[in-house]
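Report on the following structure.
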Amino acid sequence: MQNKIEYILFLGFSWFIRIIGLNNARRISPIFAALFYYLIPIRKKTVIENLTFAFPEYNEKKIKKIAFACYKSFIVTLMEILYLPFTSKELIHKQVVCDDKELIIKKYNEGRGVILLSGHYGNWEYIAASVASQINIPFSVVVKDQRNGYITKWMNKFRTQYINKVVPLGISIRQIYKELKDKHIVAMVADQRGPIEGIRVNFFGRPASVYPGPSLLAIKTGAPVLFGFTVRQKDYTYRVDLHEIDTSDLTGTDDEKVLELSRRHTALLEKYIRKHPDHWLWMHKRWKY
């Protein structure tokens, strides 16, 4: 029953954004940010703690300013996701500008598959939906199910409304491996906290557990690794910054290669978070152990 009630509220808010319009919803995002930052402080303590650790050079006032901006950014992203049922292909193309689309096409045409990484940065849903549609090459998007199954089904419907397909995160890694061996583009986020027994890499000066999956798949398949960031502009469009992570000079055992490649893509993530700290989702305990 709880899931159904949550889903009804979820749909209601989606239609609310449809009625007032996406641009108006974005403009009032500070109101909702204030609600969840001041009145219903969801994970506020975690956000403040994470930012304080990541940016020890910042005073309390600046930390709180970034924290509030983080909430505002997340609200904007959530509104954009909720508006997906009413978003046309033309609109989502205009929303996301990727000047490096040819790099994706080039790597795809090499016939080794492509690993396209992203993070919970800017609007991570937009980059997969828009860029795949723009280049007319489907992405196999690796996704984690939401706690609420109704919302998971809703999300997956609109993740696949243009050209993409969904690969559940819980599925065997063999299926993701097969997608790459079949020369497909596999898109996944690469910034979640890994398991307690997972490999550790430096992240903001402190060891952080990461999932080895993306790096392991790259090593085993020879697929090139690209990392894309959606950087929000003042007009609420997004610019995609796309980088290829060099794997040509990796040496040692497979485990050593996986560790080094994980270091490289994590370092790139940190670089972009430092540029726009409000763009990243600080609401999870990234350094839990």
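It should be emphasised that the depicted structure is a prediction, and the values quoted were computed from it without experimental measurement. Reckoned from all heavy atoms, side chains included, excluding hydrogens, waters and symmetry mates.
Between Arg286 and Val210, the closest side-chain pair of non-hydrogen atoms falls below 4.5 Å. At least one side-chain heavy atom of Lys165 sits under 4.5 Å from a side-chain heavy atom of Glu179. Between Leu217 and Ile176 there is a side-chain heavy-atom pair separated by less than 4.5 Å. At least one side-chain heavy atom of Leu84 sits under 4.5 Å from a side-chain heavy atom of Ile92. Residues His243 and Tyr272 form a side-chain contact, since some pair of their non-hydrogen atoms from C-beta on lies under 4.5 Å apart. Side-chain contact between Phe139 and Val114: absent, with no pair of heavy atoms (C-beta onward) separated by less than 4.5 Å. Put simply, the side chain of Ile199 reaches to within 4.5 Å of the side chain of Ser262, judged on heavy atoms. No side-chain heavy atom of Phe158 sits less than 4.5 Å from a side-chain heavy atom of Thr87.
In terms of modelled atom types and a separation under 3.5 Å, the side chain of Thr160 and the main chain of Lys157 share a donor-acceptor contact. A side-chain donor-acceptor contact under 3.5 Å links Gln134 to the backbone of Val96. Checking side-chain atoms of Thr77 against main-chain N and O of Ser73 turns up a donor-acceptor pair under 3.5 Å. In terms of modelled atom types and a separation under 3.5 Å, the side chain of Tyr289 and the main chain of Ile196 share a donor-acceptor contact. Under the 3.5 Å distance criterion, the side-chain polar atoms of Asp182 are left unmatched by any main-chain donor or acceptor of His184. Listed for the Ser209 side chain is no donor-acceptor partner under 3.5 Å among the backbone atoms of Glu197. A donor-acceptor contact shorter than 3.5 Å is absent between the side chain of Thr46 and the backbone of Lys285. Using a distance-only test at 3.5 Å, with no hydrogens or angles considered, no donor-acceptor pair links the side chain of Asn3 to the main chain of Asn148. A donor-acceptor distance shorter than 3.5 angstrom exists from the side chain of Asn164 to the backbone of Ala128, with no hydrogens or angles considered.
Taken from OH in Tyr108 to CG in Leu226, the straight-line distance is 14.0 Å, to the nearest 0.5 Å. Between Ile127 atom CD1 and Leu242 atom CG the span is 7.0 Å, to the nearest 0.5 Å. In this structure, CD1 on Ile245 lies 14.5 Å from CZ on Arg263, to the nearest 0.5 angstrom. From Met155, atom CE reaches atom OG1 of Thr152 across 8.5 Å, with rounding to the nearest 0.5 Å. Taken to the nearest 0.5 Å, the CG atom of Leu259 stands 12.5 Å off from the CG atom of Asp254. To the nearest 0.5 Å, the span separating CG on Asn123 from CG on Leu78 amounts to 10.0 Å.
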Q | Thr247/Leu261 under side-chain contact (heavy atoms from CB on, under 4.5 Å): CA gap, chis, key distance, verdict | A | CA-CA 7 Å; Thr247 60; Leu261 185 51; 3.8 Å; yes
Q.
Quick one, Glu60 with Lys64, criterion salt bridge (Lys or Arg N to Asp or Glu O under 4.0 Å). Give me CA distance, side-chain angles, the key distance, then yes/no.
A. CA-CA 6 Å; Glu60 183 181 358; Lys64 289 183 176 179; 2.9 Å; yes
Q.
Under the criterion side chain to side chain donor-acceptor pair (under 3.5 Å), I'd like the reasoning laid out for Asp255 against Thr253: C-alpha separation, chi angles, the key distance, then a yes or no.
A. CA-CA 5 Å; Asp255 286 346; Thr253 65; 5.2 Å; no
Q) Which is it for Thr251 and Asp249 under the side-chain contact (heavy atoms from CB on, under 4.5 Å) test, yes or no, and what are the steps along the way? A) CA-CA 6 Å; Thr251 60; Asp249 61 343; 6.0 Å; no
Q: Give the intermediate values and the outcome of salt bridge (Lys or Arg N to Asp or Glu O under 4.0 Å) for residues Glu90 and Lys94.
A: CA-CA 6 Å; Glu90 293 73 22; Lys94 291 178 180 178; over 6 Å; no
(Q) Let's go through Arg147 and Gln2 carefully: what are the C-alpha distance in whole Å and the side-chain angles of both, what is the deciding distance for side-chain contact (heavy atoms from CB on, under 4.5 Å) to 0.1 Å, and is it a yes or a no? (A) CA-CA 11 Å; Arg147 177 187 57 79; Gln2 178 185 351; 4.2 Å; yes
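The pair Glu260-Arg264 counts as a salt bridge, with a side-chain nitrogen and a carboxylate oxygen less than 4.0 angstrom apart. Classification of Arg232 and Asp278 as a salt-bridged pair fails, no side-chain N sitting under 4.0 Å from a carboxylate O. Under a 4.0 Å N-O distance rule, the pair Lys106/Glu244 does not qualify as a salt bridge.
Geometrically, Lys153 does not engage Tyr150 in a cation-pi contact defined by less than 6.0 Å to the ring centre and at most 45° from the axis.
The neighbour count for Arg43 CZ, taken as heavy atoms of other residues, nucleotides or ligands under 6.0 Å away, does not exceed 12. Few gaps surround NZ on Lys107; more than 12 heavy atoms of other groups in view lie less than 6.0 Å from it. In Lys44, the NZ atom is crowded: over 12 heavy atoms of neighbouring residues, nucleotides or ligands sit closer than 6.0 Å. Heavy-atom neighbours of Lys178 NZ from other residues, nucleotides or ligands within 6.0 Å: at or below the threshold of 12.
A continuous path of ILVMFWY side-chain contacts below 4.5 Å connects Phe16 to Trp154, so both sit in one hydrophobic cluster. The hydrophobic clustering, which links ILVMFWY residues whose side-chain heavy atoms are closer than 4.5 Å, places Leu216 and Tyr211 apart. Tracing side-chain contacts under 4.5 Å through hydrophobic residues (I, L, V, M, F, W, Y), one reaches Leu39 starting from Ile28; they form part of the same cluster. Side-chain heavy atoms closer than 4.5 Å link hydrophobic residues (I, L, V, M, F, W, Y) into clusters, and following such links, possibly through other members, connects Phe74 to Ile48. A continuous path of hydrophobic side-chain contacts links Ile40 to Trp282 [ILVMFWY only; heavy atoms under 4.5 Å].
In this structure, Phe36 has its ring center at least 6.0 angstrom away from the ring center of Tyr71. Taking the six-membered ring wherever Trp is involved, the centroid distance between the rings of Phe203 and Trp280 falls below 6.0 Å.
Residues meeting the side-chain hydrogen bond (donor to acceptor under 3.5 Å, both in side chains) test with Gln161, sequence neighbours left out: none. Residues satisfying the ring-ring contact (aromatic ring centres under 6.0 Å, His included) criterion with Tyr121, sequence neighbours excluded, are Phe229, His279. Every side-chain hydrogen bond (donor to acceptor under 3.5 Å, both in side chains) that Gln95 has, sequence neighbours left out, goes to Arg26.
Ring-plane geometry between Phe68 and Tyr37 is classed as perpendicular, the angle between the planes exceeding 60 degrees on a 0 to 90 degree scale with a lower cut at 30. A perpendicular orientation is assigned to the rings of Trp124 and His120, their planes being inclined by more than 60° (bins at 30° and 60°).
Of the N and O atoms on the side chains of Ser248 and Asp246, at least one donor lies less than 3.5 Å from an acceptor on the other residue.
Residue Cys98 comes nearest to Val131 through the heavy atom pair CB-CG2, 4.1 Å, listed as atom of the first residue, atom of the second, then distance. Smallest separation of non-hydrogen atoms from Pro138 and Ile163: CB-O, 3.3 Å.
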